[in-house]
Amino acid sequence: MGGGHGHGGSTTYKGVTLHHPKRWHTVTGKGLCAVMWFWIMYRAKQDAPVVLGWRHPWEGHDDHGKGH
């Protein structure tokens, strides 16, 4: 039926055939993984004092000008 045997684009182990990903799948996956970790680190930097109990969320950011 489906499947091209002998093309070298897959690996068979105990009857299960795993096809190798295309290059764009690998590159896109690594790029999205990097974006995810950058976002996690950015949010950790922003939220760590509140999460660790060093500052209350209602205390503000102490960066307001004299107009507030």
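- Applying the salt bridge (charged side-chain N to carboxylate O under 4.0 Å, His left out) definition to pairs two or more places apart or across chains, none involves residues 11-22.
- Evaluation of the side chain to side chain contact (heavy atoms under 4.5 Å, CB included) rule for Phe38 yields Ala34 as partners, not counting sequence neighbours.
- Among residues at least two apart or in separate chains, salt bridge (charged side-chain N to carboxylate O under 4.0 Å, His left out) pairs with a member in residues 39-52 are Arg43-Asp47.
- As a member of the Ile/Leu/Val/Met/Phe/Trp/Tyr network built from side-chain separations under 4.5 Å, Val16 groups with Leu18.
- Residues passing the side chain to side chain contact (heavy atoms under 4.5 Å, CB included) test with Met41 are Trp37, sequence neighbours excluded.
- Take Val50 and apply the side chain to side chain contact (heavy atoms under 4.5 Å, CB included) test, not counting sequence neighbours, and it matches Arg55, Pro57.
- Looking at every heavy atom in both residues, His20 comes nearest to Ser10 through CD2-N, 3.4 Å.
- Think of Tyr42 as one node in a network of Ile, Leu, Val, Met, Phe, Trp and Tyr side chains linked at under 4.5 Å; its network also takes in Trp39.
- Partners of Lys30 under the side chain to side chain contact (heavy atoms under 4.5 Å, CB included) rule, at least two apart in sequence or in another chain, are Thr26.
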